[in-house]
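Working notes, beginning with the structure itself.
Scope of the values below: all heavy atoms of this structure, side chains included, with no hydrogens, waters or symmetry mates. Please read all numbers here as calculations on a predicted model, not as lab measurements. Throughout, numbering of the chain's residues begins at 1 and tracks the sequence.
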Amino acid sequence: MKKIFVVEDEEYMREELCCMLRKAGFETAAISVFEDTVEQIEAIQPDLVVLDLNLPGISGFQICRELKRKTAIPVLVLTSRDTMQDELQSLELGADEFLTKPCRRERLLARINNILKRYEGRNNLLEGDGFLLDKGTYTLYINNTSVVLPKNQGRLLEQLLSGGEKTVSSAQLCTALWGTTEFIDENALQVNITRLKKTMSALGMEQKIVAVRGLGYRLERSADE
């Protein structure tokens with residue numbers, strides 16, 4: 001059963017949406033406290049997010065931007081804001097669909113089902129800035145082309161992407177490469193990190209690998225963005 005996460009601050013609308021989605025055969029989750037919203041979504045790992053734009057404390061635009069930066073979860077914006085600018089901004093931030101309220105049940109369900117169909121088979125994909133990584137084959141999709149990474153580079157990039165913007169420990173990276181942290185020379189890890197950096201640079205990737213002294217490594221957006 002597909003799980004849909006509803007981000008809507010108006011209680012009646014939130015309950016109505018969840019009820020409608022459950023009747024349509026979906027599992028639902030929702031929040032009423034809009035703090036650390038993206039973290040709450042990540043913890044549940046839904047198949048799709050239905051997102052309002054007018055929220056207390058944080059805008060739906062911010063949530064969409066951060067969610068798309070960290071995950072490959074599809075987003076359907078459902079909002080009372082109906083200007084072309086709002087729609088274009090939502091789509092530019094990565095939203096998969098934009099619908100205005102009030103919206104007919106049939107239209108909303110059709111758009112939801114279309115998005116879910118588009119994302120079928122993408123469970124193995126991790127999303128970075130401007131690229132996708134297939135965890136099963138370590139195929140990197142970028143700039144309308146695909147590159148199969150050497151296994152060690154693929155394992156490292158998978159761990160770094162899974163960490164989002166958080167630091168991934170050297171021990172975790174060593175375990176991903178060799179299945180253990182025992183008797184592993186730090187230089188061996190650095191050699192593999194350097195190779196991945198060269199590959200990413202050659203492909204013109206926007207994210208860079210940054211060393212965090214004494215802790216490990218993380219992916220970071222380019223300073224010129």
Side-chain angles (χ1 to χ4, degrees), residues 1-135 141 161-162 164-165:
M1 182 183 295
K2 299 292 186 180
K3 183 184 296 182
I4 297 179
F5 197 105
V6 176
V7 182
E8 165 64 61
D9 65 317
E10 206 285 311
E11 184 178 359
Y12 175 78
M13 175 64 71
R14 182 170 64 244
E15 293 178 355
E16 186 177 40
L17 280 171
C18 287
C19 181
M20 181 197 70
L21 291 169
R22 285 194 294 269
K23 287 181 178 179
F26 297 107
E27 182 180 351
T28 64
I31 55 174
S32 56
V33 178
F34 299 89
E35 295 179 2
D36 302 321
T37 304
V38 172
E39 287 76 8
Q40 293 185 67
I41 295 171
E42 287 184 291
I44 291 178
Q45 286 295 301
D47 295 287
L48 182 142
V49 173
V50 175
L51 175 67
D52 189 14
L53 293 180
N54 295 323
L55 299 169
I58 184 172
S59 77
F61 292 125
Q62 292 172 279
I63 293 172
C64 184
R65 179 190 295 109
E66 187 175 351
L67 191 63
K68 283 298 186 176
R69 182 186 302 171
K70 292 182 174 181
T71 77
I73 299 171
V75 174
L76 184 153
V77 171
L78 180 63
T79 179
S80 58
R81 298 171 63 154
D82 60 358
T83 70
M84 179 64 72
Q85 182 179 353
D86 290 325
E87 180 173 359
L88 291 177
Q89 185 173 353
S90 297
L91 297 175
E92 287 170 358
L93 291 174
D96 298 87
E97 288 282 2
F98 182 97
L99 290 174
T100 56
K101 305 173 188 174
C103 178
R104 292 181 62 88
R105 172 183 179 276
E106 294 81 5
R107 174 174 292 177
L108 176 59
L109 291 176
R111 297 295 179 87
I112 287 173
N113 285 317
N114 283 341
I115 294 173
L116 292 173
K117 286 179 182 178
R118 294 204 303 265
Y119 274 75
E120 283 180 0
R122 294 185 61 173
N123 291 336
N124 275 339
L125 294 181
L126 290 172
E127 187 171 6
D129 284 343
F131 68 91
L132 295 169
L133 176 71
D134 188 320
K135 296 185 293 184
Y141 299 94
L161 282 171
S162 297
E165 296 180 345

Taking only distance into account, with no hydrogens and no angle test, what donor-acceptor pairs under 3.5 Å do side-chain atoms of residues 8-24 form with protein atoms, sequence neighbours excluded?
| unit_1 | atom_1 | unit_2 | atom_2 | d |
| --- | --- | --- | --- | --- |
| E8 | OE1 | K101 | NZ | 2.5 |
| E8 | OE2 | E10 | N | 2.9 |
| E10 | OE1 | Y12 | N | 3.2 |
| E10 | OE1 | M13 | N | 2.7 |
| R14 | NH1 | E8 | O | 2.7 |
| R14 | NH1 | D9 | O | 3.4 |
| R22 | NH1 | T28 | OG1 | 3.0 |

Which side-chain N or O atoms in residues 74-81 pair as donor and acceptor under 3.5 Å with protein atoms at least two apart or in another chain?
| unit_1 | atom_1 | unit_2 | atom_2 | d |
| --- | --- | --- | --- | --- |
| T79 | OG1 | R81 | N | 3.0 |
| R81 | NE | D86 | OD1 | 3.4 |
| R81 | NE | D86 | OD2 | 3.4 |
| R81 | NH1 | N54 | OD1 | 3.1 |
| R81 | NH2 | D86 | OD1 | 3.0 |

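Here R111 pairs with E97 under the side chain to side chain donor-acceptor pair (under 3.5 Å) rule; sequence neighbours left out. In terms of the salt bridge (charged side-chain N to carboxylate O under 4.0 Å, His left out) criterion, R107 has no residue partners (sequence neighbours excluded). Taking M84 as the reference, E87, L88 meet the side-chain contact (heavy atoms from CB on, under 4.5 Å) condition, with sequence neighbours excluded. Under the side-chain contact (heavy atoms from CB on, under 4.5 Å) criterion, R65 pairs with Q62, R69, L93, not counting sequence neighbours. For A29, the side-chain contact (heavy atoms from CB on, under 4.5 Å) partners two or more places apart in sequence, or in a different chain, are F5, I44. Evaluation of the side chain to side chain donor-acceptor pair (under 3.5 Å) rule for Q89 yields no partner, not counting sequence neighbours.
In this structure, S90 and C64 approach most closely via the heavy-atom pair O-SG, 4.3 Å.
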*asked:* I'd like to know whether F26 forms a side chain to side chain contact (heavy atoms under 4.5 Å, CB included) with I112, so could you lay out the CA-CA distance, the side-chain angles of the two residues, the decisive distance to 0.1 Å, and finally the verdict.
replied: CA-CA 11 Å; F26 297 107; I112 287 173; 3.9 Å; yes
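Sorted by first and then second residue, the side chain to side chain donor-acceptor pair (under 3.5 Å) pairs with a member in residues 33-44 form an empty list; sequence neighbours excluded.
The CG atom of L108 sits 9.5 Å away from the CG atom of N113 when rounded to the nearest 0.5 Å. Rounded to the nearest 0.5 Å, atoms NZ (K3) and CG (L48) are 13.0 Å apart. To the nearest 0.5 angstrom, I63 atom CD1 is 9.0 Å from D52 atom CG.
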